[in-house]
Amino acid sequence: MSPDPLVTPVARRWFVALGSLILLLAAVWRLVLAEALTTVSPDGALYLEYARDFARSGWSLLARQPLEQHPLFPGSIAFVGRALLGFGWTDQPDTWVRAGQVVTVTTGVALVLAIGLVAGTISRALRQPPVPAMLVTMTLAALLPLNTWHSADVMSDQMHALWLALGVTAAAWLPRTRAALAVGCCAALAFLTRPEGAGLVIAAVVALAVMPRATPAARCRAGAVIALVAAALVAPYWLTSGGLSPKLHKETTEQVQVAVRAAPRFATLTRHDLDWYEAPAKASLEFLRAGRVVVPVLAVIGMLVALRRRRTAWRLPAIVTPLALAALILAAAQVLVVRHGYLAPRHLLVPTNLAVAAAGLTIAGLLRRTRPGGAVLLVLAALPLAAYSTRVPNGADAHLAELGRWLAQQPRPGQALLLGGASERRIAFYGQVRFQAWPENLQDPEVRLRELHGHLVGFSATHFALTLGSTADLAANRGLLQRLRARWPGLLSPLREMPIDRGRTLVLFTVDSAAG
């Protein structure tokens, strides 16, 4: 293999030394946050429940029980969890939390390196030394708050972003067959983690369609390899689960509104109702929040400057693939907020990490021209990221895990079931009881009352959790509770009250369905 003219031996040694240090510090930072974590997020509790079920039932679980999430992330936790149990750990919630954190911290640190590789491939495509861009990008990726938080918490986002980053890196060598194989594998793994992973196939096909100096036969062959490999690896999941993705069956905002008007039992909660013309602004705002403003701004500046200097570079797979993938996910985010009524910064984690690579190019370019100026810009970019990264995820929700652990020590029925809002799922997880959500965000007081009563009785709930307080929404909870106890006296009995903060109180009730 001929030596790389863009990477000198000295630069290679610097990359190994500084890159290893960045990864080590990233790992330590994530481990500290993981140790400080008091409770997982609501989705984290759901992933851990699935992981526990996977460990007990194996792959056949997909055929028997419809899951709301794709299987690779909880399946990975199940593998680690079974290993911990084999080493003598007890089958307790905290054991599964540790298993989940092993997966998230590992993939989170690997993502730092993978985003650095994305920056390196883009830098090569622009005929610039890749090492400075890779080191700067790894620094920013190590500090990005969404990366640190989701590495410490038990969320699928880091694993999903890792597969996509590796796929984007492999796409730089298209239309080579080996590159197509790698892209197909990464797309399949990303899809098995989250449905947005399918976007990598589309982005790679777009890159093949516009790339220069490639025959139509080579493009078609590479595209076919990507699609066939991805489909072949995902096919067992499709065949076992009997569907393409559980996300296709999520209720839209319109369906929720119809359900609320009709007031059927077990309607789901109401969310934001945005029109199509409002979606781009919402997605842009969440993108800026995800990158703490500085990352998206530097990314746009860097790509505009780079493409202006080399106008033909926009046709190269190393650049087209990440741009197309980011555009696809940003478009999907707008569909998400319009059709399903919600959008959070974490849904834009992949475009944000790709923007980190572009921001790294901006700073590295300035470092080549003036080291003091580049160093100042790096510090100014890193400071807000580092400041937010010191926050412990879910820090305000420690009371949920505390109440759950208390519940686990109390005598209760063998088929105990907790009814609560989405946030209260964590009480059930740590309390080792089954959980059922109820439509807590319904606006009409009478409809909300009937729905709560229907859930309590219809699901034979044994426990119910509700937060009371002085704010408007929590005051509505108090009114709901008063009407419920007046109409069905004896249905609820207080078991424990836990003061939280700012006048809020979490109340755990026992439920006597016979009184309802």
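Below, each value reflects all heavy atoms present in this structure, side chains not excepted, and no hydrogens, waters or symmetry copies. Quick caveat, the model's predicted, so the values are computed rather than measured.
Residues that satisfy the side chain to side chain contact (heavy atoms under 4.5 Å, CB included) test with F79, not counting sequence neighbours, are absent from this structure. The side-chain hydrogen bond (donor to acceptor under 3.5 Å, both in side chains) check on E424 picks up nothing, with sequence neighbours excluded. Partners of R82 under the salt bridge (Lys or Arg N to Asp or Glu O under 4.0 Å) rule, at least two apart in sequence or in another chain, do not exist in this structure. With sequence neighbours excluded, no residue satisfies salt bridge (Lys or Arg N to Asp or Glu O under 4.0 Å) with D153. Partners of Q69 by side chain to side chain contact (heavy atoms under 4.5 Å, CB included), not counting sequence neighbours, listed by chain and number: L46, Y47, Y50, K247. Taking the side chain to side chain contact (heavy atoms under 4.5 Å, CB included) definition, one finds that L330 meets it with F287, L348, P351, sequence neighbours left out. The side chain to side chain contact (heavy atoms under 4.5 Å, CB included) search around P93 returns F429, Y430, Q432, not counting sequence neighbours. R405 is linked by a salt bridge (Lys or Arg N to Asp or Glu O under 4.0 Å) to D94, counting only residues two or more places apart in sequence or in another chain.
Both tests pass for R496 against the ring of W406: distance under 6.0 Å to the centre and angle within 45° of the axis.
Judged by distance alone, the side chain of E286 and the main-chain N or O of S284 form no donor-acceptor pair under 3.5 Å. A donor-acceptor contact shorter than 3.5 Å links the side chain of H150 to the backbone of L146. Side-chain atoms of W96 never come within 3.5 Å of backbone atoms of A45 as a donor-acceptor pair (strictly under, hydrogens ignored). Side chain of R448 to main chain of E440: a donor-acceptor pair is present (N/O by atom type, distance under 3.5 Å, no hydrogens or angles). A donor-acceptor contact shorter than 3.5 Å links the side chain of R412 to the backbone of A408. Side-chain atoms of T321 never come within 3.5 Å of backbone atoms of V168 as a donor-acceptor pair (strictly under, hydrogens ignored). Without hydrogens or angle criteria, T121 side chain to A318 main chain gives no donor-acceptor distance under 3.5 Å.
Looking at heavy atoms from C-beta onward, W438 lies out of side-chain contact with F459 at the 4.5 angstrom threshold. Under the 4.5 Å side-chain criterion, counting only non-hydrogen atoms from C-beta, L298 is in contact with L377. Using a 4.5 Å heavy-atom threshold, the side chains of E196 and L328 count as separate. You'll find the side chain of V305 stays beyond 4.5 Å of the side chain of T362, heavy atoms only.
The shortest heavy-atom contact between A152 and Q101 is O-NE2, 3.0 Å. Annotation for L162 and A114: closest pair CD1-CB, 3.8 Å, computed over non-hydrogen atoms. S151 and T104 make their closest contact through O-OG1, 2.6 Å (heavy atoms, listed as atom of the first residue, atom of the second, distance).
The list of salt bridge (Lys or Arg N to Asp or Glu O under 4.0 Å) pairs with a residue in residues 128-141, not counting sequence neighbours, is empty. For residues 367-383, the set of pairs meeting the side-chain hydrogen bond (donor to acceptor under 3.5 Å, both in side chains) definition, not counting sequence neighbours, comprises Q128-R368.
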Donor-acceptor contacts, no H, no angles, side chain residues 129-143, under 3.5 Å, sequence neighbours left out:
{"residue": "T137", "atom": "OG1", "partner": "A133", "partner atom": "O", "Å": "2.7"}
{"residue": "T139", "atom": "OG1", "partner": "L135", "partner atom": "O", "Å": "2.9"}

Distance-only donor-acceptor pairs under 3.5 Å for side chains of residues 395-403, two or more places apart:
{"residue": "D397", "atom": "OD2", "partner": "R426", "partner atom": "NH1", "Å": "3.0"}
{"residue": "D397", "atom": "OD2", "partner": "R426", "partner atom": "NH2", "Å": "3.4"}
{"residue": "H399", "atom": "ND1", "partner": "A396", "partner atom": "O", "Å": "3.4"}

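With H463 as the fixed residue, the side-chain contact (heavy atoms from CB on, under 4.5 Å) test singles out one of L492, I427, L407: L407. Each of T352, V356, V350 was compared with L354 under the side-chain contact (heavy atoms from CB on, under 4.5 Å) criterion, and only V350 meets it.
With 3.5 Å as the limit, one finds no donor-acceptor pair spanning the side chains of T107 and Q158.
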Ring pair (Phe, Tyr, Trp, His ring centres under 6.0 Å) evaluation trace for H347 with Y342: CA-CA 10 Å; H347 295 117; Y342 65 94; 5.7 Å; yes

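Using bins of under 30°, 30° to 60° and over 60° for the plane-to-plane angle, the ring pair Y237/H70 lands in the tilted bin.
The residues E49 and R52 are annotated as not salt-bridged, no charged nitrogen and carboxylate oxygen being separated by less than 4.0 angstrom.
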